[in-house]
Novice: 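Here it is, the structure in full.
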Amino acid sequence: SAPPAPPPALAARELSWGVNSPSLLAAHASKNGSVTRLRFPPEPNGFLHIGHCKSMNMNFSLAFDKLNVAPENRRTIFRYDDTNPAKEDPIYIESLARDVAWMGWKPERTTYSSESFQELHDLAVRLIEKGLAYVCFLTKPEVEAQRELCKRRAAVRATGGDVDKQAPIPSPDVYPGKYRDTPVAENLRLFRKMRQGFFREGECTLRMKMDLESANPNMHDLMAYRIKYLPHPHAGPGWCIYPSYDFTHCLVDSMEHIDYSICTLEFETRREPYFWLLMALDMYRPKVYEMSRLNLEFTVLSKRRLLKLVDAKHVRGWDDPRMPTISGLRRRGYTAKALNAFCDEVGATRNMNVVEAKRLEQQARVALADEARRCMAVLDPVEVVVAGGEERELEVPDFPQAPEKGSHKVRFTPGKMFVDRSDFREEEDKNFYGISPGRLVGLKYANVKIVLEKVEKDGSGAVVRLLCKAVESDEKPKSYITWVGEDHLQAEVRKYSHLFTAAEPTDLWEEELNPNSEEIIKTALVDPSVAALCDAGRINKWESGSMFQFERIGYYVVDYDTTYDAGKGSGQIVLNSIVGLKEDVAKKADSKGEEKKGGGGSADATRLKQEKQKARLAVPLEDFFRKIEDYQGLFSKFDDKGIPTHDKDGEELKKNAVKKLMKDHAKHAKALASAAKQAAK
């Protein structure tokens, strides 16, 4: 028999509420014709990050590919989902538009949910008139108690238990609630008073009359409107009631005739309210598809956590090169081409996973290989004098693998030049191929072979100069090292590594920050052929800076902290590391050798470890997380066993963090029991 047909593209859980009537389908077809329309709807309450890159890629490109939509029939709306003036800001509104354009996406048009405030208000009135919405004066704790009771009753019902015995209703004021059956006319009057500003913020809300017995908590009478006495950054000062995300999202999707509403998997349980509202108002229902969100190693993408990184000054700002924001990635030197290629490679599925950071780094290498011109640089310079060498000008290819793409001039200055200190070793080592006693070394592009003759040191014993000699030899050097001449440019180089030490940061993410994620090197020297490309006048913070490959080191980009004036030859050049080159096999072997040499002995470390263990054993079990140095100050609340329940800012810890802490608690209990047993002997 023939194998079963594969499911259609972007297929997901279906609901009867999501089925359109023939008349709704006909109206939609008359509007869209042969066009398939999607949307990218970020909230303007933060800066776009790499997770949004995946969403853009899906809504502007990949989804159309999956659906086999012809290029001429593809349309994507860029929509600002701007319904909360308390968290929105013009700076975010502007940055979102710039980032979408920089990523190379061209929307059919740009819309704002706030421009539909009147239509949304009128739909809320229609919902009240149908008896499907009511003005609710329950306080926030009362609503939470009601929703918690709904969840308990649904859980009992699912197991076949006696709901009224196992989850009894304490009062009809709680369940179904004393405002749920308010007459339609009174609800219309109260909603009008909400609109006119008669109530305080938080005094009442408009709630949808959904299904309190549903097993889905998102059907427990969600809020449709709340009061906020704030002007809107786009719509202006005309409103004091604002629609919620759950009320707005599906209605605007329908009004804009979106074919597929694509979101991430955490919204899967919002299918029910999405389709319930459209069914209640008899409006066109788009198809809905949920994909896994992007989880990238050594990264956090939560807006709350990103904001805390900035506010606590763990980073320079939203555009810090270590941040996963598009502005941070752009400043780091990642191009739109690299980010889009990464998203293409990752794809979009419903499988949850964590993507390796090296996959993003490799896409940067691929994109930059043909775009970043080569130059020579040294990060930790040591002076070299080459006796017998002849000063001359060299023609060096911008791209050695493609000489036809141009070249630049470099001056070979044997009387005074510089190599990187990592390319020198004072003692002979058969596994090291840089400058060292007895080793023949080539100088790249100069067609000069040198040998070390003498090492000069200062009064403290530090190496300050290498005296070498140019030699004629038929022997082929095992390495050709890079160098810069006396006419070099000086630069500040900022080398970046992962912002976190943990590949998957936990709820204790602030303790997992990498203290060495930024290394500032002020001694770097670069060949002067890049002077014009480093001029501050060329820099635009909303575009990528000039990028180079420092040969044998890695890729670097000009940062907009640069003040260098190429005409005057003054000012500061600042360069950010983008990504390293593939690690050299010889250097890798050499570093392994160094590890073996340096791994022999730390009696001090052993002693300190023993002292730390002894101090721990003096701490009672119930005080473990309060008094142990590693945990002091990290938590604000504890349970009766002394296990933390809330972090230092009062935020409740997630289950996986508590589980980890319980393991540490159990280890300490075991250690105390073992110590007591030993003492008893």
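No experiment lies behind these values; they were computed from the predicted model shown. Numbering starts at 1 and runs along the sequence shown.
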Novice: Looking at S407 and E395, would you say the former's side chain and the latter's main chain have a donor-acceptor pair under 3.5 Å?
Specialist: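 A pair under 3.5 Å: no.
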Novice: Treating K405 as the side-chain partner and D370 as the backbone partner, does any N or O pair qualify as donor plus acceptor under 3.5 Å?
Specialist: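 Side chain of K405 to backbone of D370, a donor-acceptor pair under 3.5 Å: yes, one is there.
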Novice: Judged by modelled atom types alone, do R359 and Q362 share a side-chain donor-acceptor pair under 3.5 Å?
Specialist: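 Side-chain D/A pair, R359 to Q362: absent.
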Novice: Would you check if the side chain of K478 reaches a backbone N or O of R439 as a donor-acceptor pair within less than 3.5 Å?
Specialist: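 Answer holds: no.
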Novice: Distance from F432 atom CZ to F424 atom CZ, nearest 0.5 Å?
Specialist: 8.5 Å
Novice: Using the six-membered ring wherever Trp is involved, compare the ring planes of H665 and F625 and label them parallel, tilted or perpendicular (cut-offs 30° and 60°).
Specialist: parallel
Novice: Report, as yes or no, whether the 6.0 Å neighbourhood of atom CZ on R365 holds more than 12 heavy atoms from other residues, nucleotides or ligands.
Specialist: yes
Novice: Tell me, with the steps shown, if K430 and E428 meet salt bridge (charged side-chain N to carboxylate O under 4.0 Å, His left out).
Specialist: CA-CA 7 Å; K430 66 177 182 179; E428 190 174 343; over 6 Å; no
Novice: Does a side-chain heavy-atom distance below 4.5 Å link V455 with L466?
Specialist: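 Side chain of V455 against side chain of L466, heavy atoms only: contact under 4.5 Å found.
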Novice: What pair of heavy atoms forms the shortest contact from V448 to I450, and how long is it?
Specialist: CG1-CG2, 3.8 Å
Novice: Within the side chain of E512, is there an N or O that forms a donor-acceptor pair under 3.5 Å with the backbone of T506?
Specialist: yes
Novice: So Y556 and F550, would you call those rings parallel, tilted or perpendicular, with 30° and 60° as cut-offs?
Specialist: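 Parallel, since the angle between the ring planes stays under 30°.
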Novice: Hey, can you tell me if F60 and W105 have their rings parallel, tilted or perpendicular (30° and 60° cut-offs)?
Specialist: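 It falls in the parallel class, under 30°.
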Novice: Could E391 and R411 be called an ion pair, given the rule that one side-chain N must be under 4.0 Å from one carboxylate O?
Specialist: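 A salt bridge is present here (some side-chain N lies under 4.0 Å from a carboxylate O).
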Novice: Measure the spacing between CZ of F548 and CG of L368 and express it to the nearest 0.5 Å.
Specialist: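 Answer for the CZ-CG pair, F548 versus L368, is 12.0 Å.
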Novice: Counting neighbours of CD1 on I91 that are heavy atoms of other residues, nucleotides or ligands and sit closer than 6.0 Å, is the number greater than 12?
Specialist: no
Novice: Tell me if a side-chain donor or acceptor on D420 pairs with a main-chain N or O of L379 at a distance below 3.5 Å.
Specialist: yes
Novice: Got a salt bridge between D507 and R305, using NZ or NE/NH1/NH2 to carboxylate O under 4.0 Å?
Specialist: yes
Novice: Verify the neighbour count for atom CG of N447: are there more than 12 heavy atoms of other residues, nucleotides or ligands below 6.0 Å?
Specialist: no
Novice: Does atom NZ (K303) have a neighbourhood of more than 12 heavy atoms from anything else shown, all under 6.0 Å?
Specialist: yes
Novice: Which pair of heavy atoms, one from D527 and one from C375, lies closest together, and at what distance?
Specialist: OD2-CB, 3.4 Å
Novice: Below 4.0 angstrom, N of the basic side chain to O of the carboxylate: do E551 and R374 qualify?
Specialist: no
Novice: How long is the straight-line distance from CG of L329 back to OG1 of T335, given to the nearest 0.5 Å?
Specialist: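 One finds 10.5 Å between OG1 of T335 and CG of L329.
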Novice: Examine distances only and state if a side-chain atom of R332 and a backbone atom of S577 form a donor-acceptor pair shorter than 3.5 Å.
Specialist: yes
Novice: Is Y334 close to I50 at the side-chain level, that is, under 4.5 Å between some pair of heavy atoms?
Specialist: no
Novice: Can you check whether V484 reaches V526 side chain to side chain, under 4.5 Å on heavy atoms?
Specialist: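 Counting from C-beta outward, V484 and V526 never come under 4.5 Å.
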Novice: Quick check against the 3.5 Å criterion: does R330 have a side-chain atom that pairs as donor or acceptor with the backbone of G545?
Specialist: no
Novice: Strictly below 4.0 Å, N to O, side chains only: are D561 and R331 in salt-bridge contact?
Specialist: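 Looking at D561 and R331, the cut-off is met.
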Novice: For E393, does the CD atom have more than 12 heavy-atom neighbours from other residues, nucleotides or ligands under 6.0 Å away?
Specialist: yes
Novice: Main chain of K444, side chain of W483: is a donor-acceptor contact present, judged purely on distance under 3.5 Å?
Specialist: yes
Novice: Specify whether F298 and H498 have parallel, tilted or perpendicular ring planes, treating 30° as the upper limit for parallel and 60° as the lower limit for perpendicular.
Specialist: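 Correct class here is parallel.
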Novice: Are the side chains of H408 and V530 in touch, meaning some heavy atoms are under 4.5 Å apart?
Specialist: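 A side-chain contact is absent here, since even the closest heavy-atom pair is not under 4.5 Å.
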Novice: Checking the side chain of T562 only, and the main-chain atoms of V574 only, is there a donor and an acceptor separated by less than 3.5 Å?
Specialist: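 Confirmed, T562 side chain pairs with V574 backbone.
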Novice: Between R425 (side chain only) and D423 (backbone N and O only), is there a donor and an acceptor less than 3.5 Å apart?
Specialist: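 Not a single qualifying donor-acceptor pair exists.
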Novice: Count the heavy atoms of every other residue, nucleotide or ligand shown that sit under 6.0 Å from NZ of K495, and state whether that count exceeds 12.
Specialist: no
